[in-house]
Q: 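Once you've had a glance at the structure underneath, I'll fire off some questions.
Basis for what follows: all heavy atoms, side chains included, without hydrogens, waters or symmetry-related copies. We name chains A, B, ... by the order of the sequence lines, and we start the count at 1 in each one.
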Protein chains: 2
Amino acid sequence: MNFNEAKNKFVQTWGALGSQWGINKTMAQIHAFLMVSSEPISMEEIMQELQISRGNASMNLRALMDWGIVYKEFKQGERREFFTAEKDLDELATKIARERSKREIKPALKVLKEVSSIDDTSSVEAKHFVDQTKKLYDFVAKADTMIDKVTEYKDNWLTKLIVKMMG
Amino acid sequence: MNFNEAKNKFVQTWGALGSQWGINKTMAQIHAFLMVSSEPISMEEIMQELQISRGNASMNLRALMDWGIVYKEFKQGERREFFTAEKDLDELATKIARERSKREIKPALKVLKEVSSIDDTSSVEAKHFVDQTKKLYDFVAKADTMIDKVTEYKDNWLTKLIVKMMG
DNA sequence: ATAAACTTTCAATAATATTTGAAAGTTTAA
DNA sequence: TTAAACTTTCAAATATTATTGAAAGTTTAT
């Protein structure tokens with residue numbers, strides 16, 4: 001396998017993986033491509049490399065920037081915008097974890113709190129419902145706290161966590 | 001909010017959340033419904049409650065059983081099959097984590113190993129690619145090891161992990 | 001101010017994923 | 001056996017999501 005084949009395979013695989021995690025394919029591919037590029041890349045080049053339209057490139061770059069994992073760069077004397085990806089993996093994982101916590105876990109917790117607060121003990125069914133959703137609330141809240149704690153370390157959190165666990 | 005509204009809201013929310021995590025809406029809804037049901041439920045009742053077709057119910061129940069988080073039950077003197085969900089949350093999280101590791105992380109690692117093994121140091125671009133994909137391999141491998149370790153505890157692993165981290 | 005060089009937006013279109021429902025398959029009871 | 005009661009399968013239909021591309025918008029240099 002040569003460099004270009006490898007790069008292509010990486011971008012494709014990352015894109016497919018993205019879909020399985022609720023991230024759209026192009027978004028994941030752009031991120032993959034930028035992550036293995038040593039230089040900032042123009043929109044034109046992204047379109048070219050991934051064979052996508054200008055609109056598609058623009059929208060997905062915007063989404064990646066909203067997630068805080070792709071940055072705009074300006075080059076000396078160049079009018080065009082260039083893009084780079086966050087390449088530090090601890091930082092990348094931290095940003096993704098925090099963002100998903102904010103966008104998905106916190107709203108879910110709100111609903112869990114709400115539905116587990118109904119005041120109905122009139123049936124076994126209702127009692128089970130309250131009990132189970134309360135447990136779920138506690139579990140998810142704990143997981144969310146965990147994410148906060150873990151991403152707080154910033155540097156090398158994954159390694160540090162593993163070291164802790166071995167002890 | 002009464003019991004039925006709460007139950008409905010929970011099922012809907014869980015379904016929407018599922019989509020964001022690459023799980024189809026109906027599959028997540030069935031799981032949610034079973035999780036808050038105190039009794040085993042027949043396919044008929046699932047179809048009724050979620051307003052879905054027989055085929056849809058059948059396929060998604062099958063998928064949930066493949067994941068090992070929904071079980072078939074047989075009732076005394078009943079011909080029909082009944083279903084229950086894994087209700088222990090540690091067990092549930094463990095099964096999901098293990099299954100995703102097997103289905104997604106391990107194949108991704110294989111590709112990362114493959115593409116990071118190209119023998120090309122002829123350009124800065126190629127060197128960066130190899131370097132970055134190697135780092136990614138290490139990171140993902142570490143995360144996967146972490147999942148193995150963490151789910152090994154079985155009981156109360158999330159709590160135990162948090163306790164460790166506080167120390 | 002103007003025009004060139006670029007980016008963003010969004011309605012239309014295409015691609016993908018899910019759902020249906022009827023036919024085929026299976027199991028059980030008699 | 002057979003037929004009733006159930007489940008599974010899968011091609012077709014539907015719904016959802018992503019993508020295109022051209023028009024509108026923005027910025028910069030002169």
Q: Can you check salt bridge (Lys or Arg N to Asp or Glu O under 4.0 Å) on Lys9(B) and Glu114(A), steps first, answer last?
A: CA-CA 10 Å; Lys9(B) 180 156 196 175; Glu114(A) 207 180 337; 3.1 Å; yes
Q: Restricting to non-hydrogen atoms, name the atom on Ile118(A) and the atom on Ala6(B) that form the minimum distance, rounded to 0.1 Å.
A: CG2-CB, 3.7 Å
Q: In whole angstroms, how far is the P atom of dC6(D) from the CD1 atom of Ile46(B)?
A: 15 Å
Q: Is a donor on one side and an acceptor on the other found under 3.5 Å between the side chain of Asp144(A) and the backbone of Val140(A)?
A: no
Q: Any side-chain N or O of Lys72(A) below 4.0 angstrom from OP1/OP2 of dC6(C)?
A: no
Q: Expressed as a whole number of angstroms, how long is the span from Glu73(A):CD to dT7(C):P?
A: 15 Å
Q: Rounded to the nearest angstrom, tell me the gap between atom CD in Glu78(B) and atom C1' in dA29(C).
A: 15 Å
Q: What is the distance, to the nearest angstrom, from the CZ atom on Arg79(B) to the P atom on dA4(D)?
A: 12 Å
Q: I need the CE-P distance between Met43(A) and dT8(C), as an integer number of Å.
A: 6 Å
Q: Output the rounded distance in Å from CZ (Arg80(A)) to C1' (dA5(C)).
A: 10 Å
Q: Using whole Å, what does the distance between atom P of nucleotide dT7(D) and atom CD1 of Ile41(B) come to?
A: 14 Å
Q: With the sugar-phosphate defined as primed atoms, P, OP1 and OP2, and the base as all remaining atoms, what B/S/- string results for nucleotides 12-24 of chain D, 5' to 3', for protein heavy atoms under 4.0 Å?
A: ------SSBB---
Q: Tell me which one of His128(A), Lys127(A), Lys135(A) satisfies side chain to side chain donor-acceptor pair (under 3.5 Å) with Asp131(A).
A: Lys135(A)
Q: Could you check how far CZ of Arg62(B) sits from P of dT8(D), rounded to whole Å?
A: 6 Å
Q: Is the closest side-chain heavy-atom distance between Phe3(B) and Glu125(A) below 4.5 Å?
A: yes
Q: Using a 3.5 Å distance criterion without hydrogens, assess whether the side chain of Lys87(A) forms a donor-acceptor pair with backbone atoms of Ser37(A).
A: yes
